[in-house]
Amino acid sequence: MTAVNLQKKKSNLRTIFGYSMTAVSGACLLATIIPLFAVLIFVAIQGFRSINLNLFLKLPPAPGLAGGGVGNAIIGTFIVVAIATVIAVPIGVLSAVYLSEFSGDNQVARAVRFATNLLSGIPSIIAGVFAYGALVSSGLFGFSAIAGGVALAVLMLPTIIRTTDEALQIVPQDIRWAALGVGAYKYQTVLFVVLPAALSSIITGVTLAIARAAGETAPLIFTALYSNFWPRGLKEPIATLAVLVYNFASVPYKSQQELAWAASLLLVFLVLITNITARFFTRKKAY
Amino acid sequence: MTTAPYSRTKPLASRSDIEKNLEKGFKYLTLAFAVSIGLILLAIAVLIFLQSVPAIKAFGLGFIANNTWNPVTSQYGALAVIVGTLINSGLALLLAIPLGIGTALFLSEDFIPTKIRTVLTFMVELLAAIPSVVYGLWGIFVIIPLIKPVGMWLNEYFGWIPLFSTPPAGPGMLPASIVLAIMILPIITAIARDSLASLPPELRQASLGLGATRWETIFRVLIPAAFSGIVGGIMLALGRAMGETMAVTMIIGNSNRLSWSLLNPANTIASLLANQFAEASGMQVSALMYAGFVLIILTFVVNILAELIVNKVKAKY
């Protein structure tokens, strides 16, 4: 009886095909990740040069002059994103509570989930056009921090709804039954048992939505507009880091380009830190 | 025994009206918020439609087929930007699909240890988190200078092809599409990887048991089985690409002229809006709203198709 050789032959056409395909897909991975490092390294090198205390404390200089900082844009970003968060979090969390706790996956819930997906698919600039039409051109607020905040809130909503919905569904059914079993109302169960149990995942989701909103530019360039001065109120045009990067990227002055790089570094740093901490915290689950 | 015995028949304290109302009220409150999501979506579409009515009346459907965009004479047509949007996102998809699927295959099969795979998957996801304005800045200072010699070479040797018929102007369709491809890669990769990873392990085992090699299994079993998931991911990426604004606006050159050459500056609907809204007035606002409405319809159609395709996959396994 002759033994059949089951060993892969190195020269076999199928083996060679396999190895070369592995190499090709590995190369695809490399080609995908290289831009990430290229962007990070470039932003870090260009941005670090202008990182100093003035960056946080001073206003942008007049065109052509050196020095200055992006203090107004840092505060402005904070204000606009805070407005967006205040609007989006209650709407998003309560909608998700309905989806996961009260709907039992009925027609309404399916329609709302579908609407949420469509909302997450609308281009960010359309959110800006919406806020422009509703608040700016209608004369309600004009170019203002509030209009910018509303535009960003629209973009934050789908993320908040989805993460909260998922977080609530992961909470074990037993603890709802336990709460109801000792006589709690449904609303008490949701508010004092289910929501606290899912709180850390919800906060993670909200934080990621905030990080995303802080980097959004398109909806802000014609709602919050831009201002070279310190914020003067919620009904006034306001500077944000993202719009500052856009405005200063295309001017021919070296000092303004440097500020654009520094502002980019701040944005990228913010996004990376939130993503990495969020990733770290979602790993440990409450239940 | 003088004390009254604990009565077993005493009814539980009945729930007060206030609490009953609280209970109902809370449920309807959450319902109202849930419904408001649909209303917000509706409000966006209706508001933009209403604001574009003057332009729709003035230009009709010819708006889509006309390529003059002249605020001075109040003549508006969106052909150039619509074509620009389609070419820009199409070209980006063409670049991103093979790279994305290749990456997804590498990350879903066991070529490398799980821990390294998790890290690599996370890094691909980080690509999606970088703000688009940062990609734009990077594109201006890195990609445009990097691509220019390639454009020169293409123009010199392949100038007879209309696509490369002009010398590169710096900003233009080609660099914008390359940056856009980088930005939509994570979506394609993530969804293709998920749909490959969620296939039942029996499929792999059966195929390998019949004597197929790993790559034969991938090509003849796994990719066909995950096909609709992968296509759904590509559709979502297309929707994202059509609406992407900042990076494209900063790199594409914003020229509203129609041109065959990929090396020429061009424009997209989103970039047009980004550039002109802040300074627009009168009929121009309405024309911009009309263009925005066209963009909404394009992205809605693509997203609904993606949703349907992805849902079909969920039902299968």
Side-chain angles (χ1 to χ4, degrees), chain A residues 14 17-18 21-22 24-26 28-29 31-33 35-36 38-39 42-43 91 94-95 97-99 102 108 111-112 115-119 121-126 129-130 132-134 137 154 157 161 185-187 215 217-218 221-222 225 242 245-246 249 260 264 267-268 271-272 275 279, chain B residues 19 22-23 26-27 29-31 33-34 36-38 40-41 44 47-48 51 99 102-103 105-107 111 120 122-124 126-127 129-138 140 142 182 185 189 213-216 239 243 245-246 250 270 273-274 277-278 285 289 292 295-296 299-300 303 307:
Chain A
R14 296 166 72 194
F17 173 72
M21 281 316 296
T22 307
V24 168
S25 77
C28 286
L29 174 72
T32 306
I33 289 189
L36 177 70
V39 172
F42 213 80
V43 170
I91 302 181
L94 285 174
S95 307
V97 164
Y98 176 77
L99 292 180
F102 292 112
V108 180
V112 171
T116 309
N117 284 347
L118 274 190
L119 201 61
I122 69 161
S124 63
I125 190 145
I126 292 296
V129 173
F130 169 65
Y132 177 88
S137 71
V154 171
L157 265 177
I161 296 176
Y185 282 92
K186 188 90 197 223
Y187 78 91
T217 319
I221 46 185
F222 46 80
L225 217 60
V245 173
Y246 173 60
S264 294
L267 282 178
V268 169
V271 167
L272 288 190
N275 270 281
R279 181 56 64 110
Chain B
E19 298 226 288
L22 262 177
E23 174 81 356
F26 184 66
K27 184 182 166 176
L29 181 75
T30 61
L31 174 65
F33 274 106
S36 76
I37 304 301
I40 291 173
L41 193 65
I44 293 173
L47 184 132
I48 294 177
Q51 302 245 358
L99 279 180
T103 308
L105 286 173
F106 201 79
L107 291 175
F111 294 113
L120 288 174
F122 179 54
M123 291 202 312
V124 174
L126 274 188
L127 266 177
I130 296 177
S132 104
V133 72
V134 175
Y135 276 116
L137 191 64
W138 179 70
I140 292 178
V142 178
I182 295 171
L185 256 176
T189 307
T213 65
R214 178 153 59 182
W215 278 98
E216 284 163 359
T245 313
M246 294 325 293
M250 292 163 86
L273 298 176
F277 239 116
V285 171
M289 289 278 182
L295 179 62
I296 291 187
T299 50
F300 270 13
N303 276 296
E307 179 99 342

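To find a chain, count down the sequence lines: A is the first, B the second, and so on, and within it residues start at 1.
Looking at Glu23(B), the atoms closer than 4.5 Å to chain A (heavy atoms on both sides) sit in the backbone and in the side chain alike. Contacts of Leu29(B) with chain A are made by side-chain atoms alone, with heavy-atom separations under 4.5 Å and no backbone atom involved. Only the side chain of Ile182(B) comes within contact range of chain A, with heavy atoms under 4.5 Å apart. Both the backbone and the side chain of Leu137(B) come within contact range of chain A, with heavy atoms under 4.5 Å apart. For Leu273(B), the parts sitting under 4.5 Å from any heavy atom of chain A are the backbone and the side chain alike. In this structure, the portions of Leu31(B) lying under 4.5 Å from any heavy atom of chain A include both its backbone and its side chain. For chain A, the nearby part of Phe111(B) is the side chain; its heavy atoms alone come within less than 4.5 Å.
Proximity of Leu126(B) to Leu272(A): side-chain heavy atoms (C-beta onward) are separated by under 4.5 Å at one or more points. Contact annotation: the side chain of Val271(A) approaches that of Pro131(B) to within less than 4.5 Å [non-hydrogen atoms, C-beta and beyond]. For the pair Leu36(A)/Ile130(B), a side-chain contact is recorded, criterion being any heavy-atom separation below 4.5 Å from C-beta on. Residues Val39(A) and Tyr135(B) meet the side-chain proximity criterion, which asks for heavy atoms closer than 4.5 Å. For the pair Phe277(B) and Val129(A), the minimum side-chain heavy-atom distance is below 4.5 Å.
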Check your understanding: Which is it for Leu107(B) and Leu29(A) under the side chain to side chain contact (heavy atoms under 4.5 Å, CB included) test, yes or no, and what are the steps along the way?
Key -> CA-CA 8 Å; Leu107(B) 291 175; Leu29(A) 174 72; 4.1 Å; yes
**Study point:** From CA spacing to verdict: side chain to side chain contact (heavy atoms under 4.5 Å, CB included), Asn117(A), Asn303(B)
**Key:** CA-CA 8 Å; Asn117(A) 284 347; Asn303(B) 276 296; over 6 Å; no
Practice item. Could you go through the side chain to side chain contact (heavy atoms under 4.5 Å, CB included) check for Lys27(B) and Lys186(A) one step at a time? Key: CA-CA 9 Å; Lys27(B) 184 182 166 176; Lys186(A) 188 90 197 223; over 6 Å; no
Exercise for review: Let me see the working for Trp215(B) and Phe17(A) under side chain to side chain contact (heavy atoms under 4.5 Å, CB included), right down to the final yes or no.
Suggested key: CA-CA 8 Å; Trp215(B) 278 98; Phe17(A) 173 72; 4.0 Å; yes
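Note that CG of Leu47(B) and OG of Ser137(A) are 7.5 Å apart. Values are rounded to the nearest 0.5 Å. Taken from CZ in Phe33(B) to CG in Leu157(A), the straight-line distance is 10.5 Å, to the nearest 0.5 Å. For the atom pair OH (Tyr132(A)) and CD1 (Ile48(B)), the distance works out to 12.5 Å, reported to the nearest 0.5 Å. The distance from atom CD1 of Ile221(A) to atom CE of Met246(B), rounded to the nearest 0.5 Å, is 4.5 Å. Ile40(B) CD1 to Leu119(A) CG: the interatomic distance, rounded to the nearest 0.5 Å, is 6.5 Å. Here the CZ-CD1 distance, from Phe130(A) to Ile296(B), works out to 10.0 Å after rounding to the nearest 0.5 Å.
What you find for Ala270(B) and Ile125(A) is that their closest heavy atoms are O-CD1, 3.3 Å. In plain terms, the two heavy atoms of Ile126(A) and Gly292(B) that are nearest each other are CD1-O, 3.6 Å. A pairwise comparison of heavy atoms in Ala34(B) and Tyr98(A) identifies CB-CD2, 3.7 Å as the closest pair. Nearest approach of Ala31(A) to Leu99(B), heavy atoms of both residues: CB-CD2, 3.7 Å. Residues Ser25(A) and Phe106(B) come closest through the heavy atom pair OG-CD1, 3.1 Å.
A donor-acceptor pair is defined here as one N or O able to donate and one able to accept, closer than 3.5 Å; such a pair exists between the side chain of Thr103(B) and the backbone of Cys28(A).
Note: Leu22(B) leads Leu22(B), Leu105(B), Ile140(B) in heavy-atom pairs under 4.5 Å with chain A. Counting heavy-atom pairs closer than 4.5 Å to chain B, the top residue among Val245(A), Val97(A), Ile91(A) is Ile91(A). Counting heavy-atom pairs closer than 4.5 Å to chain B, the top residue among Phe222(A), Tyr246(A), Tyr185(A) is Tyr185(A). Options Ser36(B), Gly102(B), Gly243(B), Gly136(B) differ in how many heavy-atom pairs under 4.5 Å they form with chain A, and the most are formed by Gly102(B). Of the listed residues Met289(B), Met250(B), Glu19(B), the one with more heavy-atom pairs under 4.5 angstrom with chain A than any other is Glu19(B). Counting heavy-atom pairs closer than 4.5 Å to chain A, the top-ranked of the candidates Thr245(B), Val133(B), Val124(B) is Val133(B).
Aromatic ring pairs are classed by plane angle as parallel below 30°, tilted from 30° to 60° and perpendicular above 60°; the pair Phe26(B) and Tyr187(A) is tilted.
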